[in-house]
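Structure first, then comments.
Please read these numbers as outputs of a predicted model, since none were measured by experiment.
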Amino acid sequence: MACIQGTDIKSVLLTSGRLPVSLELARAFHAAGWRIVVADPWPMHLCRMSSCVAVTVDLPAPQDNPEHFAATLERRCVDHDIDLVVPVSEETPYVAALRERAVPVFTSAPDTVLTLHDKLGFIRRAAEAELSVPATVRADHDSKTIRQTAFVRKPRFSCSGRDVSFHAAGSDVREDSAFIVQQRIEGDAINVFGIAVDGVLRLSSAYRGRLVDGSVAIAFEREEQADACTSWASRFVAATGYTGLIAFDFIVDDDGIAWPLECNPRATSGIHFLNRAAIVAAITNDELPIDQVKPVTRMAEKWSCFTRYLASLGTRDATRQAWQVLTGFSDVSWQRDDPWPFLTMPFNSWRILLKSRQKHHTFASAAVADIEWRPTERAGGMCDDR
């Protein structure tokens with residue numbers, strides 16, 4: 001994707017409005033003087049209540065009919081004079097297809113996005129770039145060597161930690177081509193979120209999860225000492241020529257080596273630590289401001305943390321941890337001059353809560369159930385299946 005100069009852009013469309021990361025992007029572009037349009041399959045969502053958003057439009061769920069989703073999104077762009085589309089979350093592989101329709105989308109080509117979204121394809125691509133990677137194979141291939149030590153079994157395509165399982169050395173696992181077996185690395189878990197343009201990681205933040213719901217962090221703290229992770233991410237972005245929002249999950253071992261577990265070609269919670277002016281400048285390839293991160297170092301999704309607190313009552317340590325987050329962390333969605341997204345979140349989240357209870361999924365998994373990319377057949381651009 002060619003570099004886009006922000007001075008020429010007046011309207012931006014965000015393809016998901018239900019998540020706090022979407023609200024962060026909407027507020028960032030609004031502060032820079034842009035007109036914000038948010039498209040989402042759900043009629044009520046977090047961004048709809050924001051004074052920063054000029055228009056909200058509906059979309060079909062991409063899982064139901066990807067072609068209909070792309071065609072509808074293209075029409076929305078024409079109807080609202082959109083200069084740039086920024087895919088935000090799990091819908092990114094679907095939105096990337098619009099590049100083939102000459103729609104200006106801030107992401108890489110569909111085959112690149114799918115390769116990075118594929119947990120096996122990502123590891124293979126990183127290995128080709130001679131970067132450190134944990135041993136990883138398909139679960140239906142010969143995984144005996146990996147299974148001689150502790151290992152992890154997880155789907156090639158999934159999100160929110162769904163169906164991830166941890167196994168002791170020597171354990172047997174069911175053969176399944178949709179799953180991978182990966183060497184388990186011991187060490188510190190660190191995440192890196194970044195914004196890349198034409199193979200340059202223009203802006204990034206590193207952080208740690210401090211409170212989790214299932215396996216998804218709902219409270220996080222900025223990590224100042226993450227050079228190994230940031231360096232790895234920069235080299236990978238350069239090797240792939242990637243453009244778009246991108247994030248990595250790392251384990252840093254006792255020797256200081258950063259081992260990537262997976263890649264998410266989308267926004268993650270690390271975006272909340274970035275200066276909003278820097279976010280827009282990075283995406284539009286303009287000059288970055290001197291201050292690239294916010295002064296706040298600890299942030300949380302307070303409503304999720306409050307639910308976690310209620311669930312932990314009676315368990316002393318868990319209750320204390322949740323209470324410390326509620327009282328000591330800043331909320332990612334609260335803003336005094338734009339209060340309604342935070343205040344109305346419990347009402348706008350009823351659909352997620354209902355799906356979570358019906359499907360017995362975590363809140364995070366239910367939140368993206370209809371936009372998550374799931375392969376129904378072998379997709380072009382994916383790594384081969386050998």
Side-chain angles (χ1 to χ4, degrees), residues 1-9 12-16 19-34 36 38 83-93 95-96 98-99 104-109 112-113 116-117 122 190-207 220 222-223 226-227 229-250 260 262-294 296 299 332:
M1 177 179 176
C3 298
I4 301 172
Q5 296 304 315
T7 55
D8 298 328
I9 298 174
V12 60
L13 184 146
L14 307 177
T15 58
S16 178
L19 304 170
V21 291
S22 310
L23 183 61
E24 190 71 55
L25 280 163
R27 287 170 170 170
F29 278 104
H30 177 75
W34 295 35
I36 314 302
V38 176
D83 299 288
L84 178 64
V85 176
V86 179
V88 177
S89 186
E90 298 291 343
E91 76 282 358
T92 298
V95 181
L98 264 72
R99 287 170 52 95
V105 182
F106 186 67
T107 193
S108 288
T112 299
V113 174
L116 272 57
H117 183 56
F122 162 63
I190 295 178
N191 309 95
V192 171
F193 167 75
I195 299 173
V197 175
D198 294 336
V200 177
L201 189 65
R202 302 209 66 226
L203 189 65
S204 66
S205 66
Y207 62 103
F220 12 86
R222 196 171 75 223
E223 175 58 48
D227 290 347
C229 299
T230 303
S231 174
W232 194 103
S234 295
R235 291 169 61 194
F236 181 82
V237 166
T240 57
Y242 191 77
T243 289
L245 310 179
I246 191 167
F248 304 89
D249 297 342
F250 291 100
E262 59 187 68
C263 174
N264 295 299
R266 58 175 175 82
T268 63
S269 300
I271 195 173
H272 297 301
F273 292 113
L274 295 175
N275 180 313
R276 289 175 181 167
I279 291 173
V280 176
I283 291 175
T284 59
N285 210 27
D286 287 338
E287 183 178 355
L288 292 170
I290 296 176
D291 295 328
Q292 298 180 9
V293 296
K294 298 174 183 175
V296 63
M299 305 193 78
V332 297

| query | To the nearest 0.5 Å, how far apart are CG in L25 and CH2 in W34? | reply | 11.0 Å

| Do N191 and F220 come close enough that some side-chain heavy atom pair is under 4.5 Å? | no

| message | Just to verify, what does S204 make a side chain to side chain donor-acceptor pair (under 3.5 Å) with, not counting sequence neighbours? | response | none

| query | Given side chains that start at C-beta, do those of V200 and V237 come closer than 4.5 Å, heavy atoms only? | reply | no

| request: Could I get the full list of salt bridge (charged side-chain N to carboxylate O under 4.0 Å, His left out) partners for E24, not counting sequence neighbours? | output: R276, K294

| field | Partner residues of A233 under the side-chain contact (heavy atoms from CB on, under 4.5 Å) criterion, sequence neighbours left out | value | V192, L201, F248

| said: In the structure I gave you, are the side-chain heavy atoms of L84 and I283 within less than 4.5 Å of one another anywhere? | reply: yes

| said: Determine whether a donor-acceptor pair (N or O, by modelled atom type, separation under 3.5 Å) exists between the side chain of T243 and the backbone of D198. | reply: yes

| field | Residue list, side chain to side chain donor-acceptor pair (under 3.5 Å) with T268, at least two apart or on another chain | value | Y207

| task | Without swapping roles, check the side chain of S231 against the backbone of D227 for a donor-acceptor pair under 3.5 Å. | result | no

| note | Quick note, salt bridge (charged side-chain N to carboxylate O under 4.0 Å, His left out) partners involving residues 237-249, not counting sequence neighbours, are none

| request: Kindly give the heavy-atom pair with the smallest separation between S22 and V88, and that separation in Å. | output: OG-CG1, 3.4 Å

| message | On a heavy-atom basis, which atom in F122 and which in L116 lie closest, and how many Å separate them? | response | CB-O, 3.7 Å

| note | Value for CD1 (I279) from CZ (R202), rounded to nearest 0.5 Å, stands at 13.0 Å

| task | Apply side-chain contact (heavy atoms from CB on, under 4.5 Å) to A238 and list each qualifying residue two or more places apart in sequence or on a separate chain. | result | none

| At what distance, to the nearest 0.5 angstrom, does CG of L13 lie from CZ of F29? | 11.0 Å

| message | side chain to side chain contact (heavy atoms under 4.5 Å, CB included) for L245 and V21? Distances and angles first, verdict last. | response | CA-CA 11 Å; L245 310 179; V21 291; over 6 Å; no

| said: Show the nearest heavy-atom pair for residues L203 and A282, with the distance to one decimal. | reply: CB-CB, 3.9 Å

| request: Could I get the full list of salt bridge (charged side-chain N to carboxylate O under 4.0 Å, His left out) partners for E91, not counting sequence neighbours? | output: none

| task | Considering non-hydrogen atoms only, spot the tightest contact between S108 and V113 and give its length. | result | O-CG2, 3.6 Å

| task | Would you mind reporting whether I246 and C263 have side-chain heavy atoms less than 4.5 Å apart? | result | yes

| field | Side-chain heavy-atom pair V85, V95 within 4.5 angstrom cut-off | value | yes

| query | Taking only residues two or more places apart in sequence or in another chain, which ones pass ring-ring contact (aromatic ring centres under 6.0 Å, His included) with H117? | reply | F157

| request: May I ask you to decide if R266's main-chain N or O and T92's side chain share a donor-acceptor pair within less than 3.5 Å? | output: no

| Would you call P87 and V105 a side-chain contact if the rule is heavy atoms closer than 4.5 Å? | yes

| Main-chain N/O of A277 paired to N275 side chain as donor or acceptor, under 3.5 Å | yes

| request: Specify the closest pair of heavy atoms between F106 and G244, including all atoms of both residues, with the distance to one decimal. | output: CE2-CA, 3.4 Å

| task | Give, for atom CG of L14 and atom OG of S89, the distance between the pair rounded to the nearest 0.5 Å. | result | 12.0 Å

| Do R222 side-chain atoms and V296 backbone N/O form a donor-acceptor pair below 3.5 Å? | yes

| Residues in side-chain contact (heavy atoms from CB on, under 4.5 Å) contact with S205, at least two apart in sequence or another chain | F193, F273, L274

| request: Considering non-hydrogen atoms only, spot the tightest contact between Y242 and P265 and give its length. | output: OH-CB, 3.3 Å

